[in-house]
Asks: 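Just passing along the structure, written as C-alpha cells.
Nothing fancy with the numbering, it's 1 onward along the sequence. Excluded from the calculations below are hydrogen atoms, water molecules and symmetry mates; all remaining heavy atoms, backbone and side chain alike, are included.
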Amino acid sequence: MSGDGLLVAVDSKVHRIPAQVKIVALFVFVLAVVSTPAANFWAFALYGALLVAALVVAKLPVPVVSRRLAVETPFIVFALLLPFVATGPTVDVLGLQLSQSGVLGAWNILAKGTLGVIAAILLSATTGPRELLAGLERLRLPSTLVAILSFMVRYLSVVSDDLHRMRIARESRGYVGGRAGHLKAIAGGVGALFVRSFERGERVHLAMQSRGYTGRMPLLGEVGATRAQWMEGLTISLAAVAVAVTARVVGL
C-alpha cells in the first residue's frame, strides 16, 4: 500500500488510465447497473464477471477488496431484514414466511449495492487523491468545489493526527473512557479540535492571499486523455450498458 490512502501501489493498465476516464466509466457503469430490473439475474452475473475481470487486470489483492467491502455492512443488514418486514404475498423459505417483494427488494439492494461498492473500490484503489482531483478538474467540475475537495484531502490527515495526539494526552492524564461521565471530556476535545481547525484554516487562507491567491487554484493537471485511452477505459462500462439495454428489451 502506498501513502496515498486508498491507493494500491502496483503497476497495471487500469492504474495508467487517466482519472477523468475512470470517473466517467464508474458513473456509466453504476448507471447501467441501477437501471437494470432486479429480476434479470443473469445481467447481474455478467456485471460481476466484468468487475472481476477489471480487478484482475488492475492486480488488486482479494484481501484488500474484501476488507473495503465492509463499508457495505449497514446496507446488508437492512437488506436481510427487508423480507421479514415487507408486506404482500409470502413465500416459504426453510420454514420461514418471507415477503416475495421483500426478497426481491433485498436482492436488488445487495446486488446493485455490492456492484457499486466494488466499482468504487476499483476507482479508489487505482487512482491517487491528486489524480482524482485533476480528473474532476478536467471534467469541468467548478473550481471552487475542486479547491474545497483539495483542502479536505490535504488536511484530513492533519486533523486526524491532532485527534490522535489529543487522545494520547487524555489517556496520559488517566482517562480510560467507557463511562457516561467522560462524555464531557470528549465533547470538550471535539470543541477544541474544531476551534483549532478553524483557526488553522484562517491562517492558511491569509498565507495564500499573501502569496497572490485570487480565488482560483493552479491547475492540477494539464494532460488530457487520448481517444484510445477513452475507448480502453470505457470498454467495461459500454459492455455494461449493452447488458442493461438487453435486459430492458428482454423484460418488455
Asks: Roughly how far, to the nearest 0.5 Å, is the CG atom of L104 from the CZ atom of F41?
Replies: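 With rounding to 0.5 Å, CZ (F41) is 6.0 Å from CG (L104).
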Asks: Just by distance, with hydrogens left out, do S12 and K59 show a side-chain donor and acceptor under 3.5 Å apart?
Replies: no
Asks: So which atom in A38 and which in N108 form the shortest heavy-atom distance, rounded to 0.1 Å?
Replies: CB-OD1, 3.4 Å
Asks: Compare every heavy atom of A225 with every heavy atom of Q20, then report the nearest pair and how far apart it is.
Replies: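 Heavy atoms only, the tightest pair is NE2-N, 3.5 Å.
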Asks: Closer than 3.5 angstrom, by distance alone: can the side chain of K112 be matched with the main-chain N or O of T36 as a donor-acceptor pair?
Replies: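 The answer is yes, because a donor-acceptor pair under 3.5 Å joins these two groups.
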Asks: Examine L123 and M152 and state if one hydrophobic cluster contains both, with Ile, Leu, Val, Met, Phe, Trp and Tyr joined whenever side-chain heavy atoms are less than 4.5 Å apart.
Replies: yes
Asks: Applying side chain to side chain contact (heavy atoms under 4.5 Å, CB included) to V204 and F151, what does each step give before you reach the verdict?
Replies: CA-CA 10 Å; V204 170; F151 282 116; 4.3 Å; yes
Asks: Specify the closest pair of heavy atoms between P129 and V153, including all atoms of both residues, with the distance to one decimal.
Replies: CB-CG1, 3.6 Å
Asks: Transitively linked via ILVMFWY side-chain contacts under 4.5 Å: Y47 with V56?
Replies: no
Asks: Are the side chain of R248 and the backbone of S35 linked by a donor-acceptor contact shorter than 3.5 Å?
Replies: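 Such a contact is found between R248 side chain and S35 backbone.
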Asks: Taking S124 for the side chain and I121 for the main chain, is one N or O donor matched with an acceptor at less than 3.5 Å?
Replies: yes
Asks: L55 vs I118, test: side chain to side chain contact (heavy atoms under 4.5 Å, CB included). Steps then yes/no.
Replies: CA-CA 9 Å; L55 293 173; I118 293 176; 4.0 Å; yes
Asks: Taking T87's backbone N and O only, do any of them form a donor-acceptor pair with S101's side chain (distance below 3.5 Å, no angle check)?
Replies: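 Indeed, once roles are kept as given, a pair shorter than 3.5 Å links the two residues.
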Asks: Determine the sole option in I236, V57, L60 for which the side-chain contact (heavy atoms from CB on, under 4.5 Å) test with V14 is passed.
Replies: V57
Asks: For residues H15 and L7, report the shortest heavy-atom separation together with the two atoms involved.
Replies: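 Reported closest heavy-atom pair: CD2-CD1, 4.2 Å.
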Asks: Compare every heavy atom of A54 with every heavy atom of L122, then report the nearest pair and how far apart it is.
Replies: CD2-CB, 3.6 Å
Asks: Would a hydrophobic clustering, with Ile, Leu, Val, Met, Phe, Trp and Tyr connected at side-chain separations under 4.5 Å, put I76 with I109?
Replies: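 Shared cluster, no.
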Asks: Do V28 and V34 sit in the same hydrophobic cluster, where Ile, Leu, Val, Met, Phe, Trp and Tyr count as joined when their side-chain heavy atoms come under 4.5 Å apart?
Replies: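 Yes; V34 is reachable from V28 via cluster members.
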Asks: Looking at every heavy atom in both T127 and E131, which two are closest together, and how far apart are they?
Replies: CG2-CB, 3.7 Å
Asks: Between atom CG of L82 and atom OG of S99, what is the distance when rounded to the nearest 0.5 Å?
Replies: 7.5 Å
Asks: Looking only at atom types and distance, does a side-chain atom of S150 sit under 3.5 Å from a main-chain N or O of V146, one as donor and one as acceptor?
Replies: no
Asks: Look only at the side chain of S197 and the backbone of L193, and say whether a donor-acceptor pair between them is shorter than 3.5 Å.
Replies: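 Side chain of S197 to backbone of L193, a donor-acceptor pair under 3.5 Å: yes, one is there.
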Asks: CG/D161 to OH/Y155 distance, rounded to the nearest 0.5 angstrom?
Replies: 13.0 Å
Asks: Between L141 and L149, is the side chain to side chain contact (heavy atoms under 4.5 Å, CB included) condition met? List the steps.
Replies: CA-CA 11 Å; L141 190 74; L149 291 172; 4.2 Å; yes
Asks: Honestly curious: do W42 and F44 fall in one hydrophobic cluster under the side-chain, below-4.5 Å linking rule?
Replies: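 Same hydrophobic cluster.
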Asks: Under the criterion side-chain contact (heavy atoms from CB on, under 4.5 Å), which of T114, L115, L51 is the partner of V33?
Replies: L115
Asks: Using atom types as modelled and distance alone, determine if a side-chain donor or acceptor of K22 lies under 3.5 Å from a backbone N or O of T126.
Replies: yes
Asks: Side chain of R68, backbone of S66: donor and acceptor closer than 3.5 Å?
Replies: no
Asks: Other residues, nucleotides and ligands only: do more than 12 of their heavy atoms fall within 6.0 Å of CZ on F194?
Replies: no
Asks: Return the CG to CZ distance between L206 and R211, rounded to the nearest 0.5 Å.
Replies: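 The CZ atom of R211 is 11.0 Å from CG of L206, to the nearest 0.5 Å.
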